[in-house]
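Naming convention: chains lettered A, B, ... in sequence-line order (proteins, then strands); numbering from 1 in each chain. These numbers were taken from a predicted model, which means no experiment stands behind them.
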Number of protein chains: 2
Amino acid sequence: MKQHIFLTRRPDAFPAWNTAFPGARRLPYPASGTQLAKPGQAVIWLHVAGDKPDPALLVQEIALAAPGCAIIVLSNVPSDEEGLAVLEAGAVGYTNTLAVPEVLRQIAAVIENGGLWVGPGLLQRLIAAMAANSAQINNSHLDKLSAREKEVALAVAGGASNKEIARRLEISERTVKAHLTAAFERLGVRDRLQLSLLINGSPQTTPNQPKTVH
Amino acid sequence: MKQHIFLTRRPDAFPAWNTAFPGARRLPYPASGTQLAKPGQAVIWLHVAGDKPDPALLVQEIALAAPGCAIIVLSNVPSDEEGLAVLEAGAVGYTNTLAVPEVLRQIAAVIENGGLWVGPGLLQRLIAAMAANSAQINNSHLDKLSAREKEVALAVAGGASNKEIARRLEISERTVKAHLTAAFERLGVRDRLQLSLLINGSPQTTPNQPKTVH
DNA sequence: CCGCAACCTGCCCTTTGGTTCAATGGCGGT
DNA sequence: ACCGCCATTGAACCAAAGGGCAGGTTGCGG
């Protein structure tokens, strides 16, 4: 079992930590440049209260002061944004300051096995976002279009005007319009802007009324 | 401790599972419509070998057969895509079939505390993707616009027409156009479509000639 | 008070986008 | 040969977008 170190500005509170790890040390934030722990020999629990020192920056500093040590952030007011920021900065865990000892030990166990600990809420958001992301990559909408319609639709999704597309494909502007009208119909959108949102995979696409099919 | 059930097509292998959970049952895949476990009373470990039955669909079926039960997917050939798919489908864990008993117990503990278990590799990818995503949300372009211009710009980026925006903001359509003209000018774009691409953070935005400023 | 920026609007105009009603020709399947 | 799908186009038309000109209000800092 590695050495556990709690970093906090208020060294007098939070008995849950002592309960979870009786042998842990409890320290104030270290000064920049100091050595906090032997490389890789400790687990750092970082308590952040507000956003006065940017939590993400703090994590990066601590990482320098204790190279190779796992850093877990405990936040008084956890938010998905903050969690994302600290994890991006290199933390391996993010949870509420008020977590009960059992959960703290749980997290420690996961971290010591090389895992990352993320709260269910944030994780759900991550998964949803990622799924939406991959959905927009192999975006099946284009399969509904004919070869030529696809070309035109992609050009529109890139921001081109009808005239530009006509020049690029060496067809008349009228034909561009014809392909577009067909594409709108097939994809159930109203105009080129919504076509673009659909193809580019906008976060929140308004699901238009699909217009009576015939 | 809840009942653990292993679902696999090959009921003869994987002694690690028995080691981790000596009292666990081991069953073949259930037929559609059958009741697999009492609602919420079990943890289902689902072993998937290839992608013959789509793992995600399988998860959804199992979820019906054992409502309220946590489902953890064990994959012979884990991949980020597969992990993402099964988590999206409702699984609460995803790991390698070859996980050692200690890790299996670890996962079980996390799941029983209401957590989700995701391998570090996938999690890292999720975080990176999410970070990229949020970066494009608070994109600095909007800061160049006035409060009102920002509102209409966002509406346009969502696919709204001038008429709709006018109604929503309770201003005349002419004013909407005025705000838009100003926004185009400030952001150096030509029309609403390119505005949308800029704000929604299109992958490859054609960086238009910024039109001689004056 | 004056200048300035933001916000709001009407009138009128041009350009672009989108549709309706056509028609022509190729190509593959029945 | 015929049908369906696709690509192409013209003429005409209407709606939407975009912008020039002109004019208002409000609020804020010098």
Tell me the interatomic distance from A:E149, atom CD, to D:dA7, atom C1', rounded to whole angstroms. 9 Å

Closest nucleotide of DNA chain D for A:E173 versus for A:R186: which of these residues is on the 5' side? A:R186

Could you state the atom-to-atom distance from CG of A:N162 to P of C:dT16 in whole Å? 10 Å

Atom-to-atom span, CD of B:E185 to C1' of D:dA17 - whole angstrom: 17 Å

If you find the nucleotide of DNA chain C closest to B:A178 and the one closest to A:A178, which residue's nucleotide is nearer the 5' end? B:A178

Which one, C:dG18, D:dT9, C:dC7, comes nearest to the side chain of A:F184? C:dG18

Is it the case that over 12 heavy atoms from other parts of the model lie below 6.0 angstrom from the NZ atom of B:K144? yes

Pairs under 3.5 Å (N/O, protein and nucleotides 13-15 of chain D):
none

Phosphate OP1/OP2 of D:dA7: any A:S146 side-chain N/O under 4.0 Å: yes

Gap between atoms NE2 and C1', on A:H179 and C:dT19 respectively (whole Å): 16 Å

Output, in order, the C-alpha distance, side-chain angles, deciding distance and verdict of salt bridge (charged side-chain N to carboxylate O under 4.0 Å, His left out) for B:R167 and B:E164. CA-CA 5 Å; B:R167 260 201 301 274; B:E164 289 169 340; 5.3 Å; no

Counting the atoms with a prime plus P, OP1 and OP2 as sugar-phosphate, which does B:A182 contact under 4.0 Å by heavy atoms, base, sugar-phosphate, or nothing? nothing

Rounded to whole Å, CD of A:Q194 lies from P of D:dA16 at a distance of 13 Å

Any B:L104 side-chain heavy atom under 4.5 Å of B:L74 side chain: yes

Heavy-atom check, side chain of A:I62 versus side chain of A:Y29, under 4.5 Å: no

Starting at atom CZ of B:R190, determine the distance to atom P of C:dT16, rounded to an integer number of angstrom. 10 Å

B:E149: salt bridge (Lys or Arg N to Asp or Glu O under 4.0 Å) partners, not counting sequence neighbours: B:R186

May I ask you to decide if the ring planes of A:F21 and A:F6 are parallel, tilted or perpendicular, using 30° and 60° as cut-offs? tilted

Quick one: does B:V59's side chain get under 4.5 Å of B:V48's, heavy atoms only? no

Identify each atom pair where a protein N or O and an N or O of nucleotides 28-30 of chain D are less than 3.5 Å apart, giving names and distance.
none

Could you check whether any side-chain heavy atom of B:V92 comes within less than 4.5 Å of a side-chain heavy atom of B:V43, counting everything from C-beta outward? no

Has A:R192 got a side-chain atom pairing as donor or acceptor with A:A160's backbone, closer than 3.5 angstrom? yes

State whether the side chain of B:T97 and the backbone N or O of B:S75 hold a donor-acceptor pair below 3.5 Å, judged by distance alone. yes

4.5 Å side-chain heavy-atom contact, B:L193 and A:S196: yes

Using a 3.5 Å cut-off and no angle test, enumerate the donor-acceptor pairs between side-chain atoms of residues 169-176 of chain A and protein atoms at least two apart in sequence or in another chain.
{"unit_1": "A:S172", "atom_1": "OG", "unit_2": "A:R174", "atom_2": "N", "d": "3.3"}
{"unit_1": "A:S172", "atom_1": "OG", "unit_2": "A:T175", "atom_2": "N", "d": "3.2"}
{"unit_1": "A:S172", "atom_1": "OG", "unit_2": "A:T175", "atom_2": "OG1", "d": "3.0"}

Please give, in whole Å, the distance from C:dG17 P to A:L193 CG? 12 Å

Tabulate protein N/O versus nucleotide N/O from nucleotides 21-28 of chain C, keeping only pairs under 3.5 Å, one per line.
{"unit_1": "C:dC21", "atom_1": "N4", "unit_2": "A:R174", "atom_2": "NH2", "d": "3.2"}

Using atom CD of B:E151 as one end and atom P of C:dC8 as the other, report the distance to the nearest whole Å. 8 Å

Using OP1 and OP2 only, check whether a side-chain N or O of A:R192 sits under 4.0 Å from C:dG17. yes

Donor-acceptor pair, A:N200 side chain versus A:A157 backbone, under 3.5 Å? yes

With respect to the phosphate group of C:dG18, does any side-chain polar atom (N or O) of A:T181 fall under 4.0 Å of OP1 or OP2? no

Return yes if some donor-acceptor pair links the side-chain N/O of B:D191 with the main-chain N/O of B:Q194 below 3.5 Å, else return no. yes

Presence of B:S172 side-chain N/O under 4.0 Å of C:dT9 phosphate oxygens OP1/OP2: yes

Bend angle of the helix from C:dC1-D:dG30 to C:dT30-D:dA1, end axes from five pairs each (to 10°): 30°

For D:dT9, does either OP1 or OP2 sit under 4.0 Å from a side-chain N or O belonging to A:T175? yes

A:R105 (side chain) donor-acceptor with A:A20 (main chain) under 3.5 angstrom: yes

